[in-house]
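Below: the structure, in structure tokens.
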Amino acid sequence: MVLKPYAEVLADLFYPQRCVGCSRRSSDVLCRTCFEALPEISPPTCGRCGLPTAFEVYGCDGCRTVELAFDGARAPLRYEGVGKGAVHALKYEGYRRVVERLMAPLMAGSLAGMRFDAVVAVPLHRARLAKRGFNQAELMGRAVAGRIGAPFLDKLRAVRGTRDQVELAAPERRENVAGAFDARGPVAGSVLLVDDVMTTGATLNECARVLKTSGTREVHALTLCRTC
Ligand SMILES: [Zn+2]
Ligand SMILES: [Zn+2]
């Protein structure tokens, strides 16, 4: 453990939080300046893949030629600036308070009253779970489930380790996650599938495919951030 300088320890008594956007001490997880700099994705978007578009569409230039197992995708933020800062603060620094204070309200807010029978999270393989200590997608999924009044079901399992998608080009990503997940029993009805970031959608796609194989009728993907 690294000891903090005395002055910082004292300051923490009064301002126990820091802003995930600029790392400065803040009375909450985000300071006003960074709140105003949130890289929001505002409508219109493509209902199928979540990309910003010029008009509300279902199927855009970015996804029309791609086969997707999920029926819709949404993300309130672009994966840049403060959005990226929030994901990193949770994932790599374990700053969990950001889930309830910032992530869940933004994510639930982007659903615009849609109803789901259950919320499921993209699972982490046990080796990575042991290293990190928690699954950030599960924390987000549980918090969103609480807000929309749907049960969180721990139904997906990562059956093998995968390389970090960040290192891979788009075509390799699908290969990397193919067969990496399975479902522990069926989940009926319409499911909200939660993860932290959507890039090519390969992971969400594979999880959605597994859910549908096990009997789910509809799968909608929800992430905090999306690359655009
Ligand atoms: Zn800030
Ligand atoms: Zn699209």
Side-chain angles (χ1 to χ4, degrees), residues 8 11-12 14-107 110-112 114 122 165 169-171 173-174 177 190 192-209 212 218-228:
E8 215 172 293
D12 276 353
F14 299 100
Y15 298 105
Q17 326 221 341
R18 62 182 181 74
C19 169
V20 296
C22 64
S23 297
R24 279 190 276 261
R25 280 203 187 79
S26 161
S27 57
D28 214 315
V29 300
L30 205 59
C31 72
R32 179 75 200 183
T33 307
C34 290
F35 171 75
E36 279 166 9
L38 276 173
E40 285 185 81
I41 296 176
S42 41
T45 59
C46 169
R48 184 167 184 251
C49 77
L51 267 184
T53 44
F55 305 95
E56 284 294 340
V57 290
Y58 186 80
C60 66
D61 294 337
C63 73
R64 211 169 280 141
T65 57
V66 188
E67 226 178 280
L68 294 174
F70 50 80
D71 301 276
R74 283 168 194 253
L77 302 178
R78 291 168 197 266
Y79 190 50
E80 59 188 42
V82 183
K84 202 169 188 174
V87 170
H88 280 231
L90 173 63
K91 206 163 158 179
Y92 303 115
E93 294 153 42
Y95 194 23
R96 296 190 190 201
R97 198 172 143 72
V98 75
V99 177
E100 268 304 336
R101 287 301 279 166
L102 178 68
M103 295 173 168
L106 286 171
M107 292 168 83
S110 74
L111 295 173
M114 290 170 79
V122 169
Q165 294 281 72
R173 290 184 177 213
R174 284 209 176 204
V177 293
S190 177
L192 184 66
L193 174 63
V194 173
D195 202 2
D196 52 358
V197 182
M198 173 167 167
T199 306
T200 63
T203 305
L204 290 159
N205 189 64
E206 183 63 10
C207 288
R209 192 189 64 74
K212 287 199 163 171
E218 236 177 78
V219 178
H220 290 264
L222 174 66
T223 56
L224 175 73
C225 296
R226 196 194 193 299
T227 54
C228 294

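Both counts, for ligands and for their atoms, begin at 1 and track the order of listing.
Counting only N and O atoms by type, the side chains of Q165 and T203 include a donor and acceptor under 3.5 Å apart.
Here the angle at the Zn ion (ligand 1) defined by SG in C34 and SG in C31 stands at 100°, rounded to 10 degrees. Of the angles at the Zn ion (ligand 1), the one spanning SG of C22 and SG of C19 is 100° when given to 10°.
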Let me check something: any side-chain donor-acceptor pairs from residues 220-228 under 3.5 Å, sequence neighbours excluded? List them with distances.
unit_1	atom_1	unit_2	atom_2	d
H220	NE2	E218	OE1	2.8
T223	OG1	C225	O	2.9
R226	NE	C49	O	2.8
R226	NH2	C49	O	2.9

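Residues T53 and C46 share a closest heavy-atom pair of OG1-N, 3.4 Å. When all heavy atoms of V98 and V20 are compared, the closest pair comes out as CG2-CG1, 3.9 Å.
Counting only distance, with no hydrogens or angles, the side chain of R48 and the backbone of C63 share a donor-acceptor pair below 3.5 Å. A donor-acceptor pair under 3.5 Å is formed between the side chain of Y95 and the backbone N or O of R18.
If you look at the Zn ion (ligand 2), the protein N, O or S atoms less than 2.8 Å from it are C46 SG, C49 SG, C60 SG, C63 SG.
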*Please assess L38 against L30 for the test side-chain contact (heavy atoms from CB on, under 4.5 Å), listing each intermediate value before the final yes or no.*
CA-CA 10 Å; L38 276 173; L30 205 59; 4.2 Å; yes
